[in-house]
Amino acid sequence: MSLLIKNGTIVTMNAGREIIQGDVYVEGCRIKAIGAGLTSAADKVIDAAGQVVIPGLVQPHIHLCQTLFRGQADDLELLDWLKQKIWPLEAAHDAQSIYYSALLGIGELFKGGTTAIVDMATVNHTESNFQAIYDSGIRAISGKCMMDFGTDVPAALQDTTINALEESIELLQKWQGAGEGRISYAFTPRFAVSCTAELLTKTVELANKYKVAIHTHASENRSEVEYVQKLSGMRNILYLDKLGLTGPSLILAHCIHLTNEEMSVLANSQTNIVHCPSSNLKLGSGIAKIPELIDKGAAVAIAADGAPCNNNLDGFMEMRLAALIQKPFYGPTAMPANKVFELATLGGAKAMGLSDQIGSIEPGKKADIAIVSLNDLRTTPTAGVTIYTQLVYQVQSSQVLTTIVNGQVVMENRQLTTIDETEVRQQANQAVKRVAARAQIAL
């Protein structure tokens with residue numbers, strides 16, 4: 001299958017940050033050529049005249065299993081949010097509800113131009129989560145959520161250390177490299193609050209053995225930080241560092257409440273920090289010191305987190321907030337639009353360990369691409385306005401017209417092609433009632 005995208009404004013994100021008026025030619029899953037007036041015959045031609053062709057957004061911290069709970073856990077702080085709502089609902093999931101929760105989230109991500117994610121599943125029914133990832137065509141790293149400790153954890157989520165590890169290995173052996181290489185596995189301990197030191201230590205050993213990532217949370221909330229310090233006698237990041245988790249293969253969400261020492265540990269170890277501004281604001285968790293982390297040389301990416309702590313999975317909204325919320329503290333020049341767009345593309349690619357594969361539009365890279373219309377009141381006028389300003393401060397996800405993953409068109413003219421949107425909405429509306437009733441949570 002070959003594809004020719006013609007006449008677009010191509011935001012390459014290559015080393016020279018070139019912006020090219022021209023065409024993108026795709027063969028199979030890879031970009032073959034970029035330039036003006038490409039005449040190669042193609043199986044499919046998309047005219048992108050007046051549109052912007054961008055690398056697909058990369059969100060390396062998502063909870064697909066929680067999409068079903070959008071709007072069910074508003075106005076709570078993190079630990080209450082988990083204990084009162086999210087953990088009981090996750091515990092009540094069945095295989096079908098997980099499947100449609102994941103498809104619901106993936107469909108929304110496609111409609112917002114996100115082509116690749118790092119996902120944290122829940123403790124049970126992870127097979128269904130992977131099946132949805134496989135069926136939809138998204139590029140994803142995912143893994144079974146591991147929890148072997150904690151107070152107020154529902155019985156259905158309270159796993160044993162041995163089972164958490166053994167089931168993770170089984171899932172890795174089945175799904176690593178599936179979907180023509182679109183799918184990868186990560187060991188996924190939830191956070192230090194719900195994981196024993198034994199589980200975390202053995203996770204590091206297994207991740208090193210299988211050469212895969214670890215995906216977890218840390219220092220999102222003051223109460224969480226205090227709890228970890230009480231348990232371990234150490235600050236959160238220092239505790240994870242002591243156990244061997246920090247490093248380039250760790251994908252670490254949030255990182256809000258950090259000391260200077262902890263920031264230096266993360267920067268020096270090149271741990272991948274994932275900034276989730278909407279989630280952090282909605283839960284009242286705080287604002288991560290992203291400019292300071294970047295100045296220290298830390299690796300940073302941007303993501304939406306989960307629908308119940310955000311209410312959407314909109315990568316464009318995350319970019320806008322990531323740019324805006326730092327300016328009252330660090331000044332108006334902090335987090336300029338071009339830097340934020342870099343975090344949302346190349347930063348996410350680095351977090352996924354795929355810098356050589358995705359995050360920019362260059363020959364030889366995977367064809368993960370979004371096409372965005374600027375034919376909208378909110379992006380007019382265009383004269384004298386930089387493309388990064390438009391993408392970060394002005395564009396909304398509804399302006400994404402076409403999304404392509406691995407050379408496959410997964411949305412065209414706002415219509416999903418690999419997901420039946422009507423069926424997913426119907427199934428999701430039925431599933432949330434079933435799951436909430438099982439969790440004894442009133443809707």
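Counting from 1, the numbers follow the sequence of the chain as shown.
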Are E362 and T12 close enough, and set up right, to give a side-chain hydrogen bond (donor to acceptor under 3.5 Å, both in side chains), and what steps lead you there?
CA-CA 7 Å; E362 301 180 74; T12 65; over 6 Å; no
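For residues 104-115, the pairs satisfying side-chain hydrogen bond (donor to acceptor under 3.5 Å, both in side chains) are Q59-T114, R70-E108, K111-E421, with sequence neighbours left out. Screening residues 395-415 for ring-ring contact (aromatic ring centres under 6.0 Å, His included) gives no qualifying pairs among residues at least two apart or on separate chains. Under the salt bridge (charged side-chain N to carboxylate O under 4.0 Å, His left out) criterion, the residue pairs touching residues 277-303 are D74-K282, with sequence neighbours excluded. Sorted by first and then second residue, the salt bridge (charged side-chain N to carboxylate O under 4.0 Å, His left out) pairs with a member in residues 212-236 read R235-E262; sequence neighbours excluded. For the ring-ring contact (aromatic ring centres under 6.0 Å, His included) condition, the pairs that include at least one residue of residues 233-254, sequence neighbours left out, are H61-H254, H217-H254. Within the structure, side-chain hydrogen bond (donor to acceptor under 3.5 Å, both in side chains) contacts touching residues 402-414 (residues at least two apart or in different chains) are K44-E412, R139-N406. Sequence neighbours left out, the pairs with a member in residues 77-88 that pass side-chain hydrogen bond (donor to acceptor under 3.5 Å, both in side chains) are E77-N221. Among residues at least two apart or in separate chains, salt bridge (charged side-chain N to carboxylate O under 4.0 Å, His left out) pairs with a member in residues 339-348 are R17-E342, K339-E342. Annotation: salt bridge (charged side-chain N to carboxylate O under 4.0 Å, His left out) contacts involving residues 183-201, sequence neighbours excluded, comprise E90-R190, E198-K202.
Under the rule for a side chain to side chain donor-acceptor pair (under 3.5 Å), N260 has no partner lying at least two apart in sequence or in another chain. Take W175 and apply the ring-ring contact (aromatic ring centres under 6.0 Å, His included) test, not counting sequence neighbours, and it matches F130.
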Give the table of side-chain donor-acceptor pairs shorter than 3.5 Å for residues 96-103, with sequence neighbours excluded, one pair per line with atom names and distance.
residue, atom, partner, partner atom, Å
S97, OG, H93, ND1, 2.7
S97, OG, D94, N, 2.8
S97, OG, D94, O, 2.9
S97, OG, D94, OD1, 3.3
Y99, OH, D135, OD2, 2.7
Y100, OH, E423, OE2, 2.9
S101, OG, L64, O, 2.8
S101, OG, C65, O, 3.1
S101, OG, T67, N, 3.3
S101, OG, L68, N, 3.1

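Atom CD1 of I162 sits in a sparse spot, with 12 or fewer heavy atoms from other residues, nucleotides or ligands closer than 6.0 Å.
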